[in-house]
There are 2 protein chains.
Amino acid sequence: MGDQVRRNMPLFPMGIVMQLTELSARQIRYYEENKLITPARSEGNRRLFSFNDVDRLLEIKSLLERGVNLAGIREVFEMRERGMQTLHPYYRKEPTEAELHNHLKKELYQAGRYGKASLIQGELSRFFN
Amino acid sequence: MGDQVRRNMPLFPMGIVMQLTELSARQIRYYEENKLITPARSEGNRRLFSFNDVDRLLEIKSLLERGVNLAGIREVFEMRERGMQTLHPYYRKEPTEAELHNHLKKELYQAGRYGKASLIQGELSRFFN
DNA sequence: AATAAATGTTAGGAATCCTTACATTTATTT
DNA sequence: AAATAAATGTAAGGATTCCTAACATTTATT
């Protein structure tokens, strides 16, 4: 069984993830609402979080504490998914992109040096190996 | 945070453990009743299983399939906790010990070569690293 | 001051899990 | 073969956890 598969297995209920991340249910649901995570669901519609979900939540928390807003975090995640290292992914996109980029840059600038949190792959590894 | 601590963190609810082990809730509760596992409890008295709990359940299942009964499995676990490799831990114990040992030996004998399943540390590693 | 972003709080309902009790199956013993 | 024991199934009633939705509050930005 691949590592990628394992890290995406739906395992944890809301209560455990709240403890693991020290986030409120409201916060976690809000981040999902904003497409920052997409936890699986049980048959009865209960959220089931994977290791990767928890990792993401920890990173969201870290970035928020650094002053990045949800739009910025979304951008950071999309950036990574495209396998980019640059901070400028604005070519070949929608009109509002320039503004978005500007906004992000400004926030990241005043949030202190960027790149540290987003480079921490696997925050959850503090809990598990 | 130590590895031992992590593997003992209460994380999984009953439903997930059922899927992970392919055991029924009845079976899992019965094994707890017989002191083969001791999952933690939530504030509201719900079982919360750790990695080690799931590992144990997988081993219980394996041993049961080999014909070992619960008493035998309990013996195997106690044996390991004492850090023994021998199959003869009957000195310095209660009167019924000799019978127990005899019983176990018989079962293990007819269950095929012993030692394989109990040596598999971390069955759950098939799912996680 | 007004707006927006992020989070808190509450309510009502649904899903999951709890214990307890009794039934069933399978193996062992007499 | 009948009786006993071990392991599991099943069902009921109740408690816990989680769900969505709505409205309130806090904080930052405009």
Side-chain angles (χ1 to χ4, degrees), chain A residues 10-49 53 57 60-75 96 99-100 102-111, chain B residues 10-49 53 57 60-75 96 99-100 102-104 106-107 109-111:
Chain A
L11 293 174
F12 309 114
M14 177 61 83
I16 292 294
V17 175
M18 290 171 64
Q19 289 183 212
L20 248 34
T21 61
E22 292 181 287
L23 292 168
S24 71
R26 182 70 170 86
Q27 287 175 303
I28 295 170
R29 295 190 189 116
Y30 186 63
Y31 303 152
E32 179 184 18
E33 208 174 308
N34 283 268
K35 322 266 191 195
L36 294 180
I37 51 171
T38 314
R41 298 284 182 136
S42 73
E43 285 189 5
N45 198 37
R46 293 195 166 200
R47 268 167 269 257
L48 287 177
F49 300 83
D53 289 326
L57 285 171
I60 290 168
K61 188 182 182 184
S62 167
L63 286 167
L64 278 172
E65 281 164 359
R66 289 157 168 276
V68 181
N69 67 8
L70 295 201
I73 297 174
R74 197 179 306 120
E75 201 70 12
T96 54
E99 290 177 328
L100 231 174
N102 200 286
H103 189 63
L104 175 65
K105 195 173 74 177
K106 214 169 64 185
E107 276 181 352
L108 292 178
Y109 185 67
Q110 68 182 81
Chain B
L11 294 174
F12 310 113
M14 177 61 85
I16 293 295
V17 175
M18 289 172 65
Q19 289 183 212
L20 249 33
T21 62
E22 294 182 287
L23 292 167
S24 71
R26 182 67 170 89
Q27 286 175 304
I28 294 171
R29 295 189 188 116
Y30 185 64
Y31 303 153
E32 180 185 17
E33 207 174 309
N34 283 267
K35 322 266 193 196
L36 294 179
I37 52 171
T38 314
R41 297 285 182 136
S42 75
E43 284 189 6
N45 197 38
R46 292 192 168 203
R47 267 166 270 255
L48 287 177
F49 300 83
D53 289 327
L57 285 171
I60 290 167
K61 189 181 181 186
S62 167
L63 286 167
L64 277 173
E65 281 164 357
R66 290 158 167 274
V68 182
N69 66 8
L70 295 203
I73 296 174
R74 197 178 306 119
E75 200 70 13
T96 54
E99 289 178 329
L100 232 175
N102 200 287
H103 190 61
L104 175 64
K106 213 167 69 186
E107 276 180 353
Y109 185 66
Q110 70 181 81

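Per chain, numbering begins at 1; letters A, B, ... match sequence-line order.
Scanning for salt bridge (charged side-chain N to carboxylate O under 4.0 Å, His left out) contacts around R26(B) gives an empty result, with sequence neighbours left out.
Atom CZ in R46(B) sits roughly 11 Å away from atom P in dT19(C) (whole-Å rounding). Remark: P of dT16(C) and CG of N45(B) are 19 Å apart, rounded to the nearest angstrom. Rounded to whole Å, the distance from CE on M14(B) to C1' on dC18(D) is 18 Å. The distance from atom CD of E32(B) to atom P of dC17(C) is 14 Å, rounded to the nearest whole Å. Rounded to whole Å, the distance from CD on E22(A) to C1' on dT7(C) is 16 Å. Taking atom CD of E33(A) as the reference point, atom P of dA22(D) lies 12 Å away to the nearest angstrom. The distance between atom CZ of F49(B) and atom P of dT16(C), rounded to the nearest whole Å, is 16 Å.
A pairwise comparison of heavy atoms in L11(B) and P13(A) identifies O-CD, 3.8 Å as the closest pair.
The shortest side-chain heavy-atom distance between L57(A) and L36(A) does not fall under the 4.5 Å cut-off. In this structure, the side chains of R41(B) and R46(B) stay at 4.5 Å or more apart for every pair of heavy atoms. Using a 4.5 Å cut-off on side-chain heavy atoms (C-beta onward), V17(B) and D53(B) make no contact. Using a 4.5 Å heavy-atom threshold, the side chains of L20(B) and F49(B) count as separate.
The phosphate of dC19(D) has OP1 or OP2 within less than 4.0 Å of a side-chain N or O from R47(A). A close approach under 4.0 Å does not occur between any side-chain nitrogen or oxygen of S42(A) and OP1 or OP2 of dA15(C). Between dA15(D) and R41(B), no contact under 4.0 Å exists linking OP1 or OP2 to a side-chain N or O.
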TODO: Starting at the 5' end of nucleotides 6-13 of chain D, put B wherever the base has a protein heavy atom under 4.0 Å, S where only the sugar-phosphate does, and a dash everywhere else.
DONE: SBBBB---

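In this structure a side-chain-to-backbone donor-acceptor pair under 3.5 Å is missing from R74(A) to K35(A).
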TODO: Before giving the answer on side-chain contact (heavy atoms from CB on, under 4.5 Å), spell out for E22(A) and K61(A) the whole-Å C-alpha distance, their side-chain angles and the decisive distance to 0.1 Å.
DONE: CA-CA 9 Å; E22(A) 292 181 287; K61(A) 188 182 182 184; 3.4 Å; yes

TODO: Verify side-chain contact (heavy atoms from CB on, under 4.5 Å) between L23(B) and I60(B), making sure each step is shown before the conclusion.
DONE: CA-CA 10 Å; L23(B) 292 167; I60(B) 290 167; 5.9 Å; no

- [ ] Map every base of DNA chain D to its dot-bracket character, where paired means a Watson-Crick or G-U wobble contact with both distances under 3.5 Å and | marks a partner outside the strand.
- [x] ||||||||||||||||||||||||||||||

